[in-house]
Amino acid sequence: MEYNFRETEKNWQKYWADKKTFRAENNSSKPKYYVLDMFPYPSGAGLHVGHPLGYIASDIYARYKRLKGFNVLHPMGYDSFGLPAEQYAIQTGQHPAITTDANIARYREQLDKIGFSFDWDREVRTSDPNYYRWTQWIFIQLFNSWYNSETNKTESIDKLIQKFSSKNTEHHINGNTKKWNELNEKEKADVLMDYRIAYLGEAYVNWCPALGTVLANDEVKDGVSERGGYPVERKLMKQWSMRITAYADRLLNDLEKIDWSDSIKEAQRNWIGKSEGASLEFKIQNSDDTIEVFTTRPDTVFGISFLTLAPEHELAEKITTSEKKQEVEAYIAKARNRSERERQAEVNTVSGVFTGTYAIHPFTGEEIPVWVGDYVLAGYGTGAVMAVPAHDERDFRFASFYHLPIKQVIIPTGEHDFSKTSWDEKEGTLINSSFLDGLNVKDAIKKCIAEIEKRNLGKGKINYRLRDAVFGRQRYWGEPIPVYYKNGIAHTLPENKLPLHLPAIDKFLPTEEGEPPLARSDKWFWNEETQSVDKTGFPIETTTMPGWAGSSWYYLRYMDAHNKKEFASADALNYWQNVDLYIGGSEHATGHLLYVRFWTKALKDLGYIQVEEPAKKLINQGMIQGVSEKIYWQGKTLNPKDTVSISYHIGGNRIYLKNNMTIVLPKNEACESIFISADAIDYLDSENLSLINVPINLTQNSELELNEYKNFRNDLTRPIFICKNSYWFEGAWYNFDGNQIQVPSKFLTKPEVEKMSKSKWNVVNPDEVIEKYGADCLRLYEMFLGPLEQSKPWNTNGIAGVSGFIRKLWKLYHSNDSFYVSDDAPTQAELKTLHKTIKKVQEDIEKFSFNTSVSSFMICVNELTDLKCNKRAILEPLAIILSPYAPHIAEELWKLCGHEPSIAHAEFPAYNESYLVEDAFEYPVSVNGKTRFKINLPLQISKDEIEQRVLAAEEMQKWTNGSAPKKVIVVPGRIVNVVI
RNA sequence: GCGCAUGUGGCGUAAUUGGUAGCCGCACCAGACUUAGGAUCUGGCGGGGAAACCCGUGGGGGUUCGAGUCCCUCCAUGCGCACCA
């Protein structure tokens with residue numbers, strides 16, 4: 001009886017769903033284990049085989065942990081707000097909720113077929129009002145909080161208000177200094193806005209005109225939007241933002257506490273970009289204004305030859321002299337109008353302009369020219385730098401270009417030519433630097449900061465590259481921000497009136513005035529009297545939250561997904577704590593994974609949760625690439641009269657190729673499009689050939705199905721396919737003399753590893769694989785491909801090996817086509833095979849080495865087949881250890897063995913070391929490190945005896961030639977090495 | 001430019017963590033069976049050589065009785081960040 005995977009898999013999937021086999025309990029005496037996959041965004045394209053890779057790995061781990069006696073939480077849901085659904089809505093007018101639901105249904109269908117052990121009762125969707133109600137609630141908590149840098153904690157804004165009011169603190173309002181108690185309501189609100197974690201602030205943001213919205217830094221790659229690749233500009237805008245910068249130090253330091261991959265940690269460190277240095281104030285000549293700079297090299301302060309301001313710097317225009325005004329303004333305007341991308345492309349082009357103004361060197365009193373240059377970034381530090389061309393590459397370039405002085409203040413540790421480059425190393429001895437002379441760089445930095453502070457010129461300072469995260473999006477399909485504006489002051493909605501539902505609108509486009517889509521709603525006001533959203537009242541915020549809002553806390557909602565009173569109950573939060581194992585792609589390194597850590601810290605400070613970090617361990621699965629199949633093509637239409645190129649031409653009914661080769665066509669007819677097999681490309685000059693992708697399902701082991709390809713390419717008329725020794729033309733095979741032949745040849749394609757994408761015709765869908773080979777086979781093969789964390793190409797060709805393994809496994813439990821296991825006692829050899837496998841598989845799972853355990857299963861089944869093993873005592877434990885990987889067939893075999901389902905409730909068998917003990921070992925014997933022969937020796941004998949028996953061995957004589965060896969190394973149970 | 005990975009047969013990979021390089025598969029080759037098939041089974045399969053042997057884990061050097069594994073150096077590929085003061 002052949003294994004019917006289609007029926008069996010469907011049955012068990014239904015069983016698991018019906019019996020809720022994988023439901024996690026919030027109250028359990030078992031230890032908890034939380035396995036989480038990164039949220040998928042349900043795109044219209046559905047899943048390809050790369051997507052489930054991480055899900056399969058986490059599912060194996062979750063199932064393994066259950067067998068090991070853990071109460072496992074393994075949920076799944078959807079990050080269902082997002083740009084693509086909205087772009088689609090703009091094109092078609094269909095509400096994004098409809099497309100999103102359809103996409104989710106398709107995802108679910110695909111996921112279900114793979115046999116995951118998700119607890120679907122806990123499914124969440126970020127676009128569900130029951131979910132985003134709590135996203136809005138968290139926003140309100142963050143709005144009502146500030147970061148107390150003294151306690152290093154997020155605290156209630158009320159505490160800050162109390163502090164201001166009790167101390168009657170001074171505040172700067174529009175250039176005036178006022179006491180807190182003298183401020184009016186609006187002024188107080190403005191002051192507080194500078195402290196709130198969720199705040200409305202003016203800042204340069206990434207504006208993407210094509211998408212009509214602002215983007216966070218991590219959503220911009222190479223100056224264009226990550227989604228869609230549209231140009232991005234810098235724009236000064238008032239925006240809702242999240243004060244993630246307050247958490248920079250904690251986000252950085254706590255990386256040491258979590259078991260995440262080095263590459264992710266490193267990416268986060270770079271993104272946070274901590275640098276230590278000093279801020280220093282420069283007085284401006286004949287002015288009350290001062291310029292504050294940030295530098296990591298205060299030691300080079302005596303090497304300053306000019307200051308440079310970013311074009312956006314608030315003083316840039318103000319301090320410019322009247323003679324220079326026109327020039328500077330023109331420069332600033334030009335710099336401002338360039339897109340991020342243009343600016344990045346011109347990284348090596350120097351440009352700047354002198355303001356005509358001088359600053360005073362705080363130590364020497366020298367006059368220092370102040371320049372404006374776009375190599376200085378407005379968003380970093382103070383937007384102004386002290387330029388030390390001798391010791392900073394960028395300043396050097398600028399100074400060289402504009403012939404500004406270059407003052408050396410450090411003696412380099414090696415040879416260095418200051419006329420060519422700067423010496424940027426933090427090494428050397430200070431010169432020409434007054435009180436710093438003679439010090440090395442490190443000491444000079446310390447001493448100089450001390451001096452700066454002593455003289456009150458500035459102070460030691462730490463700066464971060466990390467920017468606050470822009471939180472508002474000028475888009476429709478996101479969580480509405482629960483804020484309304486009363487007399488210009490932002491107020492949050494009452495918590496008990498959440499959720500603030502997305503309003504219905506006529507079009508998913510900005511208004512004619514350029515307001516976000518939500519402004520299209522005529523019912524988007526907060527009526528304080530009726531406490532409801534209404535046609536009149538105070539205007540409600542019209543931007544929506546970004547995609548990362550919902551995903552910044554979803555791991556918490558899974559703990560208590562249906563709670564109507566809280567985002568999750570204290571009990572549930574306390575029981576599940578945080579994620580034990582998180583698996584997902586590395587593309588979220590600086591986006592989601594930083595934001596979720598930030599929200600976790602904020603919620604912890606506010607006392608809502610117990611944990612400081614969302615996930616203890618994180619694994620990034622590698623990307624699965626596609627294997628494209630390409631064919632060589634010479635696409636020009638060729639008539640019998642054409643003489644096309646030097647390497648070949650068609651004349652009469654012949655095609656002339658390189659090296660005097662001739663192909664005779666069957667009739668005196670035109671052919672169009674010459675295709676040439678990958679093993680025959682040297683028949684043509686390469687410049688005549690181009691590679692085109694062919695659908696991979698029309699190939700088998702890099703051989704193209706010619707008839708099918710021709711049908712697929714109905715645009716082709718009379719193509720000729722040239723193979724090594726024959727050709728295919730109009731459905732028949734011919735030799736090069738033009739005689740029809742019966743034996744077909746292989747037309748080979750050229751495989752190439754590329755990203756999986758529709759346009760490359762190389763997408764493999766899990767559904768197709770499952771239809772043909774089954775879900776267990778897909779799961780095993782995905783794991784078998786290679787280490788989880790490595791990127792690797794998917795090639796369906798290899799799946800036959802895994803498919804054969806499943807058949808072989810099934811046969812072990814069958815005799816004469818019917819199920820049969822014997823109750824006889826197993827042999828030593830059988831026990832050894834089983835226990836060796838249990839040990840290996842357990843060790844492999846625990847170190848997430850899933851590919852090697854699949855190999856072990858294959859070895860195990862091969863050995864048991866050779867042993868003709870049909871013992872229950874062997875085959876039952878085998879089914880259990882295999883069940884995390886291939887759950888369907890394992891359940892079926894478990895049932896056939898006479899057990900009550902489900903195998904998920906079984907216990908992972910313990911391996912018994914005593915079965916693995918050997919009494920003899922075949923020693924490899926090396927002579928001078930090279931293996932020469934093998935000798936079988938008992939393991940009990942002593943090192944001396946091993947040495948004697950090896951030296952006495954017949955094969956040894958050839959090498960020793962009778963003389964005594966210099967040295968003999970014996971590693972018992974491993975190796976013997978004889979040094980001659 | 002900086003950072004992080006990764007380099008092993010035709011391909012995906014493995015190697016008890018310093019101890020027999022190539023396990024397990026794919027592909028390929030040969031054979032068996034046969035209602036010719038993209039099924040199953042058996043055997044072979046890093047390169048060179050008739051063989052003895054020699055060469056071989058990106059290149060070069062080193063440590064060691066012994067290196068895919070450790071150290072130095074160079075090269076290549078992939079990813080991330082990038083005028084961050």
Can a salt bridge be assigned to the pair A:Lys832 and A:Glu863 using a cut-off of 4.0 Å between side-chain N and carboxylate O? no

Heavy atoms under 4.0 Å, any strand shown: does A:Ser275 hit a base, just sugar-phosphate, or nothing? sugar-phosphate

As its Watson-Crick or G-U partner within any shown strand, both distances under 3.5 Å, B:G12 has B:C24

Once base and sugar-phosphate atoms are separated, protein heavy atoms under 4.0 Å mark nucleotides 46-54 of chain B, 5' to 3', with B, S and - as ------SSS

What is the minimum heavy-atom distance between A:Ser926 and A:Ile975, and which atoms define it? OG-CD1, 3.7 Å

A:Thr931 near the nucleic acid: base, sugar-phosphate alone, or nothing, with a heavy-atom cut-off under 4.0 Å? sugar-phosphate

Checking all strands, does A:Asp374 fall into the base, sugar-phosphate, or nothing category for heavy-atom contacts under 4.0 angstrom? base

Determine the interatomic distance between P on B:A76 and the same-named atom on B:A30; round to the nearest Å. 42 Å

Can you give one letter per nucleotide of nucleotides 29-43 of chain B, going 5' to 3': B for a protein heavy atom under 4.0 Å from the base, S for sugar-phosphate only, - for none? ---------B-S---

Give A:Lys934 one of three labels, base, sugar-phosphate or nothing, depending on what nucleic acid heavy atoms sit under 4.0 Å from its own. base

Could you give the distance separating B:G1 and B:G49 at their C1' atoms, to the nearest angstrom? 50 Å

By the Watson-Crick or G-U definition, both distances under 3.5 Å, B:G3 is matched with B:C79

Would you indicate what A:Val979 reaches in the nucleic acid, counting non-hydrogen atoms under 4.0 angstrom: base, sugar-phosphate, or nothing? sugar-phosphate

Over all strands shown, is A:Asn977 touching base, sugar-phosphate only, or nothing at heavy-atom distances under 4.0 angstrom? base

